[in-house]
Peer 1: 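Before I ask anything, here is the structure I am working with.
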Amino acid sequence: MKCRICSGNVRKFFDLGPQPISDAFLLPAARENEFLYRLQVGVCESCMMVQQAEEIPRQKMFHADYPYRSSGSALMRQHFEAVARRFLATELSGRDPFIVEIGSNDGVMLKTISEAGIRHLGVDPSGGAAEASAESGVRVQVDFFDETTAGTILARDGQADVIYSANTVSHISYLDSVFRGVDKLLAEDGVFVIEDRYLGDILEQTAFDQIYDEHFYLFSVRSVQALVQLHGLELSDIEHLPVHGGTIRYTISRPGRRVIGPEVGRLRASEPVDFSVFDDFARRAADIRDELVTLLTRLREEGRRVVGYGATAKSATILNYCGIGPDLIPYICDSTPGKQGRLTPGSHIPVLAPESFADPYPDYALLFAWNHAEEIMAKEQAFRQHGGQWIMYVPGVHIV
Ligand code: SAH
Ligand code: TYD
Ligand code: ZN
């Protein structure tokens, strides 16, 4: 297998078996003929980019009915408002600035930019999310960002001072085209800022549920630096952030334009170069699967009720890799309207509104949205007061 970034040799280290499209929540009648593919990941021996073996056609994942909405979490709303405020105070404080966001979803970040009256454009192929963002005054182009889209934007709107993208660039297998587009569109002194889940945290926490169709790449400082250099740009700064279980914000600019921050070299030096780290990770993931299935089976035998909380894309990996279905988890509660009344992909567990959680409370709740633990546990305090307990599986199976 050849690296999608640098054509180097990719060493496979984890086979997660047949998996569905992680955000393809099914109407009950559509459970036949579900699309499945084999989810396998490897690491490039040259650039160290972790990547999947198989590419899913992009329109199978991102389309008008794509259900994920970034604004579903108060924590993420605050996070993106802070991102926007920082840009407004820095990169966007000059004359007639322009910002483009790749993967703007429901406009959670651009809303603040729009309210400040700054020229902006969100690019996102998921029409439903784009409609929601237009309602909050965000200008959006329903499209996949690539070299062609970048050309259209450049001709119409001119160069961008900031190109921002959170939790999206890792979803795009065709990064060669994306980077050619960025190179066209970005102003000479502009910045391309990417936020994405950090491989270092995923390895450390054995958060193998971060591997699913949309996460085509798992980024590290080393691999992003290689990627950026290959396209004639420079990684000038990084910030390690706590959101989504561990994220890095990468600031990319044209060579020599910015001072390189000391964190780049520091974090890079801490990253694995020994492939045994990846094999150990896959072994620990298999152990977590065995422990989780044993626990759920025992609780069922003891007559305990366990339901799921948070029908995340990540949960598709857990449910399908572990073979967990409605016999062990009868339903999952989730606040996303586009997921409710549907079945989880592959595992076919009904998704219900959060109101069903208390009706009546189960004995245990398996928290699939573990990255939102604080927010969800605070919201669902009454569950614990009724004697309920949370089951977690990151960084290992435990009950809280
Ligand atoms: N930025 C938001 C959304 C992340 S979900 C956040 O961090 O919460 C990923 C989003 O990327 C989806 O809305 C999806 O439709 C969009 N996307 C996928 N491929 C894309 C591409 N090539 N160009 C632009 N957006 C894309
Ligand atoms: P998230 O972990 O952000 O992403 P992914 O799908 O990429 O794994 O998804 C969080 C899910 O949890 C989303 O479907 C909404 C749901 N959720 C709730 O049901 N209640 C809440 O209070 C929060 C914060 C999220
Ligand atoms: Zn490579």
Peer 1: Determine, stepwise, if the pair Tyr174 / Glu147 fulfils side-chain hydrogen bond (donor to acceptor under 3.5 Å, both in side chains).
Peer 2: CA-CA 10 Å; Tyr174 43 98; Glu147 191 179 6; over 6 Å; no
Peer 1: Who pairs with Glu188 by salt bridge (Lys or Arg N to Asp or Glu O under 4.0 Å), at least two apart in sequence or on another chain?
Peer 2: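 With sequence neighbours excluded, Glu188 shows a salt bridge (Lys or Arg N to Asp or Glu O under 4.0 Å) to Arg254, Arg257, given in chain and number order.
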Peer 1: Taking Tyr212's backbone N and O only, do any of them form a donor-acceptor pair with Gln19's side chain (distance below 3.5 Å, no angle check)?
Peer 2: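 Answer holds: no.
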Peer 1: Do Tyr66 and Glu214 have side-chain N/O donor and acceptor atoms under 3.5 Å apart?
Peer 2: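 A donor-acceptor contact under 3.5 Å links the two side chains.
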Peer 1: Looking at Ala129, is its backbone amide N or carbonyl O close enough to the side chain of Asp106 to form a donor-acceptor pair, meaning the two atoms are under 3.5 Å apart?
Peer 2: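 No; zero donor-acceptor contacts below 3.5 Å.
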Peer 1: State, without any angle test, whether Arg197 and Asn167 hold a side-chain donor-acceptor pair at a distance under 3.5 Å.
Peer 2: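 There is such a pair (donor and acceptor under 3.5 Å, judged by atom type) between the side chains of Arg197 and Asn167.
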Peer 1: Using modelled atom types only, decide if a donor and an acceptor are shared between the side chain of Glu234 and the backbone of Gly256 within a distance under 3.5 Å.
Peer 2: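 Yes; at least one donor-acceptor contact below 3.5 Å.
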Peer 1: Has Glu374 got more than 12 heavy atoms of other residues, nucleotides or ligands less than 6.0 Å from its CD?
Peer 2: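 12 or below, so no.
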Peer 1: Verify whether one side chain among Asp146 and Thr149 offers a donor that lies under 3.5 Å from an acceptor in the other.
Peer 2: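 On atom types as modelled, these side chains qualify, holding a pair under 3.5 Å.
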Peer 1: Any Lys/Arg nitrogen of Arg11 or Asp279 sitting under 4.0 Å from an Asp/Glu carboxylate oxygen of the other?
Peer 2: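 Between Asp279 and Arg11 there is a salt bridge, with a charged N closer than 4.0 Å to a carboxylate O.
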Peer 1: Can you say whether the rings of Phe357 and Tyr361 are parallel (under 30°), tilted (30 to 60°) or perpendicular (over 60°)?
Peer 2: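 Aromatic pair Phe357/Tyr361 classed perpendicular.
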Peer 1: Tell me whether Ser236 contacts the main-chain N or O of Thr251 through its side chain, where contact means a donor paired with an acceptor under 3.5 Å.
Peer 2: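 Side chain of Ser236 to backbone of Thr251, a donor-acceptor pair under 3.5 Å: yes, one is there.
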Peer 1: For the pair Asp143 (side chain) and Phe145 (backbone), establish whether a donor and an acceptor sit closer than 3.5 Å, ignoring hydrogens and angles.
Peer 2: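 Pair absent, no side-chain N/O of Asp143 close to backbone of Phe145.
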Peer 1: Inspect the contact between Arg77 and Glu375 and indicate whether a charged nitrogen and a carboxylate oxygen are less than 4.0 angstrom apart.
Peer 2: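 No salt bridge links Glu375 with Arg77.
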Peer 1: For Tyr321 and Phe14, take the angle between the two ring planes, folded into 0 to 90°, and tell me which bin it lands in: parallel under 30, tilted 30 to 60, perpendicular over 60.
Peer 2: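 Rings of Tyr321 and Phe14: perpendicular, as their planes differ by over 60°.
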Peer 1: Going by side chain to side chain donor-acceptor pair (under 3.5 Å), name the pairs with one or both residues in residues 377-386, residues two or more places apart or in two chains.
Peer 2: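 For residues 377-386, and leaving out neighbouring residues, the side chain to side chain donor-acceptor pair (under 3.5 Å) pairs sorted by first residue read Tyr309-Glu380.
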Peer 1: Would you kindly say whether His348 and Glu34 are connected by a side-chain donor-acceptor distance under 3.5 Å?
Peer 2: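 Note: His348 and Glu34 side chains meet the donor-acceptor criterion.
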Peer 1: List in chain and number order the residues that pass side-chain contact (heavy atoms from CB on, under 4.5 Å) with Glu355, two or more places apart in sequence or in another chain; answer none if no residue qualifies.
Peer 2: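 Applying side-chain contact (heavy atoms from CB on, under 4.5 Å) to Glu355 gives Ala353.
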Peer 1: I'd like to know if the side chain of Arg284 pairs up with that of Thr206 as donor and acceptor (distance under 3.5 Å, no hydrogens or angles considered).
Peer 2: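 Yes, because at least one side-chain N or O of Arg284 sits under 3.5 Å from a partner of the opposite role on Thr206.
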Peer 1: Can Asp201 and His240 be counted as having a side-chain donor-acceptor contact under 3.5 angstrom?
Peer 2: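 The criterion, which ignores hydrogens and geometry beyond distance, is satisfied for His240 and Asp201.
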Peer 1: For Thr317 and Asp209, test the side chains for any donor-to-acceptor distance below 3.5 angstrom and give the result as yes or no.
Peer 2: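 The answer is no; no qualifying pair exists.
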Peer 1: Do Arg156 and Gln141 have side-chain atoms, one donor and one acceptor, less than 3.5 Å apart?
Peer 2: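 Yes, Gln141 and Arg156 have a side-chain donor paired with an acceptor closer than 3.5 Å.
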Peer 1: Hey, which of Ser71, Ser136, Ser104, Ser133 is the one that makes side chain to side chain contact (heavy atoms under 4.5 Å, CB included) with Lys111?
Peer 2: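 Exactly one pass, corresponding to Ser136.
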Peer 1: Side chains of Tyr217 and Arg4 only: does a donor on one sit below 3.5 Å from an acceptor on the other?
Peer 2: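 No, no side-chain donor-acceptor pair sits under 3.5 Å.
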Peer 1: Is there a donor-acceptor contact under 3.5 Å linking the side chains of Tyr164 and Glu195?
Peer 2: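 Present: a donor and an acceptor within the cut-off.
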